[in-house]
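Since this is a predicted model, take the numbers as computed values, not measurements.
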Amino acid sequence: LGMRRAVFSPDGTKLAYQKVPGKILGVANVWRVPVFSDRPATWTDAEQITSDEAFIEFVDLHPDGATLVFSSDRFGNQDFYTIPVEGGPPQRLTTHPAQDWNPVWSPNGQEIAFYSYRNGNRDIWVMPADGGPARQLTYNPLTDSSPAWSPDGKYIVYQATVTNQDDLLESSISTVPVEGGVPKPLGSGFGITPFWSPDGQWIYITSDRDTDPPRQRLW
């Protein structure tokens with residue numbers, strides 16, 4: 001179906017997702033579809049939220065279930081925008097000349113974590129949810145991405161690229177305090193796209209470890 005990313009509403013009854021049209025390279029918009037208990041949803045159930053000739057790669061749902069934040073190049077640069085889940089004109093949040101990616105709302109809806117090249121390297125940043133100056137959290141000389149908040153909003157887990165003992169690049173999972181501090185590595189060479197469990201006791205990752213042939217699975 002060309003779906004790239006999807007998020008549930010807080011009550012679990014709706015799904016907002018971003019779809020890449022198969023015949024229009026570089027254009028992707030956000031749609032929403034209800035989650036039925038008695039049948040699968042179809043395209044006739046889907047409602048289009050954005051209608052830009054632009055590329056939307058990441059989307060996240062506000063904790064109150066009423067607003068989406070997404071990254072889009074609708075003005076040439078990947079910036080962040082918000083839009084009601086019912087649809088309407090997008091509101092621009094960022095105007096930095098660097099590319100901003102993967103916005104993720106904090107549990108209280110007051111901040112947004114993301115990764116960006118604002119200092120010439122891909123690192124994790126946090127900004128106010130209504131826009132404003134962002135603060136840098138990581139300073140990895142390689143690359144950091146895929147931020148996800150802890151349920152209490154005090155930490156962010158993310159994917160980092162590191163150099164292993166054989167001087168080869170590999171994926172690592174780390175956490176960093178939202179208020180700033182030294183990142184804590186959790187392990188390397190085993191997973192990508194981490195996210196926290198609702199009780200805060202586990203971190204889930206996608207990995208192809210221990211699979212033959214290699215296949216991405218949830219761990």
Side-chain angles (χ1 to χ4, degrees), residues 3-8 18 55-61 63 69-71 78-80 94 96 98-108 110-127 129 133-219:
M3 295 171 63
R4 293 288 297 269
R5 183 176 171 86
V7 289
F8 277 106
Q18 174 255 346
F55 183 70
I56 297 175
E57 183 169 4
F58 296 99
V59 60
D60 192 39
L61 184 67
V69 62
F70 61 90
S71 61
Q78 279 286 334
D79 285 306
F80 298 152
T94 63
H96 197 279
Q99 306 277 5
D100 293 333
W101 303 90
N102 200 176
V104 185
W105 251 303
S106 63
N108 62 11
Q110 295 180 4
E111 294 185 296
I112 293 173
F114 62 101
Y115 70 83
S116 179
Y117 297 87
R118 294 189 177 203
N119 269 354
N121 196 66
R122 190 168 71 180
D123 288 298
I124 305 299
W125 296 70
V126 172
M127 61 175 285
R135 63 182 187 276
Q136 188 173 353
L137 291 186
T138 68
Y139 297 83
N140 184 1
L142 298 174
T143 61
D144 297 331
S145 62
S146 303
W149 294 81
S150 62
D152 61 10
K154 295 181 178 180
Y155 296 90
I156 289 175
V157 65
Y158 62 96
Q159 175 185 333
T161 301
V162 298
T163 304
N164 63 20
Q165 59 184 5
D166 297 319
D167 203 30
L168 299 175
L169 299 181
E170 65 180 11
S171 175
S172 173
I173 304 299
S174 297
T175 62
V176 64
V178 173
E179 297 304 319
V182 179
K184 176 183 178 181
L186 300 182
S188 61
F190 61 78
I192 60 175
T193 58
F195 61 96
W196 240 291
S197 64
D199 63 6
Q201 300 301 306
W202 296 86
I203 291 173
Y204 296 92
I205 59 172
T206 303
S207 176
D208 61 4
R209 67 186 226 167
D210 300 331
T211 61
D212 187 21
R215 182 180 179 184
Q216 295 291 342
R217 296 187 177 181
L218 189 65
W219 295 76

Problem set entry | Derivation of the side chain to side chain contact (heavy atoms under 4.5 Å, CB included) call for W105 and Q110 | CA-CA 7 Å; W105 251 303; Q110 295 180 4; over 6 Å; no

For this session: Would you name the heavy atoms of S116 and Q99 that are closest together and state the gap between them?
Result: OG-O, 2.9 Å

Problem set entry | Non-hydrogen side-chain atoms of I112 and V69 separated by less than 4.5 Å | yes

Exercise. How far does CH2 of W202 sit from OG of S197, to the nearest 0.5 angstrom?
Worked result: 8.5 Å

Exercise. What do the steps show when you test I156 against V126 for side chain to side chain contact (heavy atoms under 4.5 Å, CB included), and what is the final call?
Worked result: CA-CA 10 Å; I156 289 175; V126 172; 3.7 Å; yes

Problem set entry | V178 to W149 - nearest heavy-atom pair and separation | CG2-CZ3, 3.5 Å

Exercise. For atom CZ of F58, is the number of surrounding heavy atoms from other residues, nucleotides or ligands below 6.0 Å larger than 12?
Worked result: yes

Seminar exercise, completed: What one should report as the nearest heavy-atom pair of T161 and L142 is O-CD1, 3.2 Å

Problem set entry | Check: R122 and S145 side chains under 4.5 Å, non-hydrogen atoms | yes

Exercise. Which atom pair, heavy atoms only, marks the closest approach of F80 to T94?
Worked result: N-OG1, 2.9 Å

For this session: Work out which heavy atom in T175 is nearest to a heavy atom in Y158; give both atom names and the distance.
Result: C-CE2, 4.1 Å

For this session: Kindly state each residue pair satisfying salt bridge (Lys or Arg N to Asp or Glu O under 4.0 Å) with at least one member in residues 141-161, sequence neighbours excluded.
Result: none

Exercise. Atom CD of Q78 and atom CZ of F70: how far apart are they, to the nearest 0.5 Å?
Worked result: 10.0 Å

Exercise. Under a 4.5 Å cut-off applied to non-hydrogen side-chain atoms, are P147 and N102 in contact?
Worked result: yes

Exercise. Taking D199 for the side chain and Q201 for the main chain, is one N or O donor matched with an acceptor at less than 3.5 Å?
Worked result: yes

Exercise. Looking only at heavy atoms, which two atoms of I203 and P194 are closest? And how far apart?
Worked result: CG2-CB, 3.9 Å

Exercise. Under the side-chain contact (heavy atoms from CB on, under 4.5 Å) test, which residues partner A148, sequence neighbours left out?
Worked result: V157, F195

Problem set entry | Heavy-atom side-chain proximity of P185 to S174 below 4.5 angstrom | yes

For this session: Report yes if the side chains of P103 and S71 come closer than 4.5 Å at any heavy-atom pair, otherwise no.
Result: yes

For this session: Go through the side-chain N and O atoms of N140 and T138 and say whether any donor and acceptor fall under 3.5 Å apart.
Result: no

For this session: With sequence neighbours excluded, give me every salt bridge (Lys or Arg N to Asp or Glu O under 4.0 Å) pair touching residues 133-142.
Result: E111-R135

Exercise. Do R118 and D100 sit within salt-bridge range, that is, some charged N less than 4.0 Å from a carboxylate O?
Worked result: yes

